[in-house]
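Treat the numbers as computed from the prediction; the structure is a model and nothing was measured. Residue numbers run from 1 in the order of the sequence given.
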Amino acid sequence: MSNYRYWLGGAFVLAVLAFIPSTGSAYTTTLLFTMLISYALAQSWDWVGGEAGYINLAHFAFYGIGAYGFCLSLLAGVPIILCFVIAVVATSIIAFIVSFPLFRLRGDYFAFATLALLPLTELLAFNFHFTGGADGVVLPPKYVLFEAYYIAIGLVGLTAITTVWLIRTRFGYALKALRNDEEAAEICGIRIFPAKSKVLILSAAFASIAGALQGWQLSYIDPTTVFGLDVALIPIAMALLGGSGLLWGAVVGVIILSLFNQLLIVSLPILQTAIFGLLLLLIGRYMPGGLLRSAVVRNNKWIGFLGREHDQFVRATVSAPTTDNLPLPKQPVATGEPVLECRNVTMAFGGNVAVDDISLTINAGEIVGLVGTNGSGKTTLFNCISKVFEQKSGEIIFVGQDLAGARRDDASKLGIGRTYQIPRPFSDLTVVENIAMPLMNRGDESASLADSLGLATQFAAYVGLTEHLAARADSLNLQQKKALELARALACRPKLLLVDEVASGLTPMEVRTFVNHIRELRDEYGITIIWVEHIFSALAQVVDRVIVLEQGSIIADGPLADVVKDERVLSTYLGSAATEDA
């Protein structure tokens, strides 16, 4: 019911906006037109900045490219509709090209690289003959304010619909996963570069339409007005002020800063750019989450809904599971056939050899303990198997397939699931969303978003997280985060499960429960397991054999009872106390 109210409210606002030109006030229409364009720019920026977590300071460059593409096409006599198409296509192609070098960078480096695109595009526009140089592009005089205004209303409606679509689709969830942890996102089966490239192109396309509309309405553009840094940061400031990543953040930021900008133009035009720069600094320092995330707004019963995070929408839709059985096919243990073969695998970081010429075979249906001192290469070997690292030499064969050159998402989709020694959940997503992530990224076998969330509740119930389905992952304690990681790994539907010290820090009762899970996963679901663990009493209850690593090499491989008596294991790992106990 609330969704219908939102849609009806949005339709009412657009209807009111459509009525404004009939009042005959050109100033009001022009001001609202500017605000509509600003919303399209701020919201489309937030798809990259708020959803994917990449601060794109070159967003306004796409606005400028769209403006030039439209105006130059119009001057060449191209029909108006095709001018918009040309602007979008040209901008999208450029966005696709620049995505290759840009998305090799992250964080501040990405932001600085995108910032450099603004003066670069401005310089090119000044120096290319076909752009008109410093004189810019002048369109034939024609009053098109009202036509541009109505198209801008349509653009705003489409921008809002696209934003809601991003929030509630698998693609949008992939972006949220990237924002939190790109490596963990790949382990869940997400192809990160295509996702980043697509959202940048989508964002650029909307910015190009905004630029085309404003260039058409003004009948004149030049490099400074469409690429200048003094105007480029304003839409970003709007998104950040309202609350980046919030449905209403750009709306509130646009309204406040557009009116504030009009005040500055009248009162302090010389200091306009400096004041906006100062505003950005103050937002980053004192309100990094934006105005709508402040306690004043969230605790207000009238406007508190404006600051709702996406997990609050999830909380309203997720229901408790009807069973705690895993939604995995039960199958008998297929013993004997190799699931994993490592042949002379070596991994080095500079001069430090973390995995040194390791050869091992893990057969289907085995539960193998992997132990060793800290720094012995256990996690590095896991990283090689799951393709977090590409080994320097050797071969890794998984169910008969050589993993050389495979990506992390490839390994996940083939059937390799893993946990991390230090849990790496998607912190600002809920428990059920974390577990649903691999379910909706299985390639041709991907489930819908609704089905993924439903199945995720069953995985959560299996590891004891039913009471925390709608809780954000960053609100869980360490043991709960480890349980969440196990559930997410199982949601990858693995043939081989790599478990990295999940039992450490658990109570004896919790350890027994976890050991029972490990046994059940093998006996009931046919999953082969490699378990890194330091708690020998836990390993002794379930493992078929133990592999011991020391300085990147295997020093023992066999039944636990034999391994604990091995002289090299005693001297390097267990110590003299084990000798006495033995």
Side-chain angles (χ1 to χ4, degrees), residues 1-20 32-52 56 59 62-63 66 81 84-85 87-89 91-92 95 147-176 179 195 198-214 235 238-239 242-255 258 292 305-314 316-317 440 448-450 453:
M1 184 65 181
S2 60
N3 287 337
Y4 288 112
R5 287 202 299 267
Y6 284 129
W7 288 115
L8 288 174
F12 175 76
V13 170
L14 292 179
V16 171
L17 289 173
F19 176 75
I20 295 297
L32 288 176
F33 173 76
T34 304
M35 293 175 69
L36 294 174
I37 294 297
S38 297
Y39 170 75
L41 282 169
Q43 188 62 72
S44 58
W45 174 87
D46 204 44
W47 299 337
V48 178
E51 296 299 319
N56 176 22
H59 186 58
F62 300 130
Y63 164 93
I81 298 298
F84 282 107
V85 173
V88 171
V89 171
T91 306
S92 299
E147 293 94 325
Y149 178 83
Y150 286 117
I151 296 175
I153 291 176
L155 175 62
V156 164
L158 185 59
T159 303
I161 291 171
T162 305
T163 301
V164 174
W165 172 79
L166 276 176
I167 292 174
R168 301 179 182 181
T169 60
R170 293 182 298 181
F171 178 57
Y173 270 94
L175 298 179
K176 292 178 177 66
R179 179 182 68 212
K198 286 176 185 176
V199 75
L200 182 66
I201 292 170
L202 181 66
S203 172
F206 275 76
S208 71
I209 299 173
L213 275 174
Q214 196 143 43
M238 290 172 171
S244 180
L246 295 178
L247 184 61
W248 296 97
V251 176
V252 173
V254 165
I255 293 173
S258 292
L292 296 185
F305 72 95
L306 296 175
R308 289 181 71 184
E309 298 282 358
H310 84 278
D311 60 277
Q312 293 175 284
F313 292 95
V314 174
T317 59
M440 63 179 86
S448 67
L449 176 59
L453 292 173

S.K.: Could you tell me the separation between the CG atom of L246 and the CD1 atom of I167, rounded to the nearest 0.5 Å?
M.R.: 9.0 Å
S.K.: Do W47 and T163 have a side chain donor and acceptor closer than 3.5 Å?
M.R.: yes
S.K.: Could you go through Y149 and I20, starting from their C-alpha distance and side-chain angles, then the distance that decides it, and tell me whether this counts as side chain to side chain contact (heavy atoms under 4.5 Å, CB included)?
M.R.: CA-CA 10 Å; Y149 178 83; I20 295 297; 3.7 Å; yes
S.K.: Kindly indicate whether the side chain of F84, heavy atoms from C-beta on, has any atom under 4.5 Å from the side chain of L213.
M.R.: yes
S.K.: Are side-chain heavy atoms of M440 and S448 found at a separation under 4.5 Å?
M.R.: no
S.K.: Which residue in the set I151, L41, I153 passes side-chain contact (heavy atoms from CB on, under 4.5 Å) when paired with L36?
M.R.: I153
S.K.: Closest approach of T34 and Q214, non-hydrogen atoms and distance?
M.R.: OG1-NE2, 4.2 Å
S.K.: Between E51 and V199, is any pair of side-chain heavy atoms under 4.5 Å apart?
M.R.: no
S.K.: S244 and G50: which non-hydrogen atoms are nearest, and at how many Å?
M.R.: OG-CA, 3.2 Å
S.K.: Please report the interatomic distance CD1(I37) to CG(L155), rounded to the nearest 0.5 Å.
M.R.: 6.0 Å
S.K.: Which of parallel (below 30°), tilted (30 to 60°) and perpendicular (above 60°) describes F171 and W165?
M.R.: tilted
S.K.: Indicate yes or no: at least one non-hydrogen side-chain atom of F206 is less than 4.5 angstrom from one of T162.
M.R.: yes
S.K.: Would you check if the side chain of W45 reaches a backbone N or O of N56 as a donor-acceptor pair within less than 3.5 Å?
M.R.: yes
S.K.: Looking at every heavy atom in both V48 and S203, which two are closest together, and how far apart are they?
M.R.: CG2-CB, 3.7 Å
S.K.: Take K198 and I201, measure what side chain to side chain contact (heavy atoms under 4.5 Å, CB included) needs, and give me the verdict at the end.
M.R.: CA-CA 5 Å; K198 286 176 185 176; I201 292 170; 5.8 Å; no
S.K.: Please report the shortest heavy-atom distance between A204 and A95, naming the atom on each side.
M.R.: CB-CB, 3.7 Å
S.K.: How about F62 and L200: do any of their side-chain heavy atoms sit closer than 4.5 Å?
M.R.: yes
S.K.: Any idea which heavy atoms bring A42 and A239 closest together, and the distance?
M.R.: O-CB, 3.8 Å
S.K.: What's the spacing between R170 CZ and L175 CG if we round to 0.5 Å?
M.R.: 13.5 Å
S.K.: Can you tell if the side chain of R168 reaches within under 4.5 Å of the side chain of Y173, non-hydrogen atoms only?
M.R.: no
S.K.: Between P235 and S38, is any pair of side-chain heavy atoms under 4.5 Å apart?
M.R.: no
S.K.: Does the side chain of L449 come within less than 4.5 Å of T169's, by heavy atoms?
M.R.: no
S.K.: Any idea which heavy atoms bring L14 and G157 closest together, and the distance?
M.R.: CD1-CA, 4.2 Å
S.K.: Start with the C-alpha distance between Y39 and M238, add both sets of side-chain angles, then the distance that settles side chain to side chain contact (heavy atoms under 4.5 Å, CB included), and finish with yes or no.
M.R.: CA-CA 8 Å; Y39 170 75; M238 290 172 171; over 6 Å; no
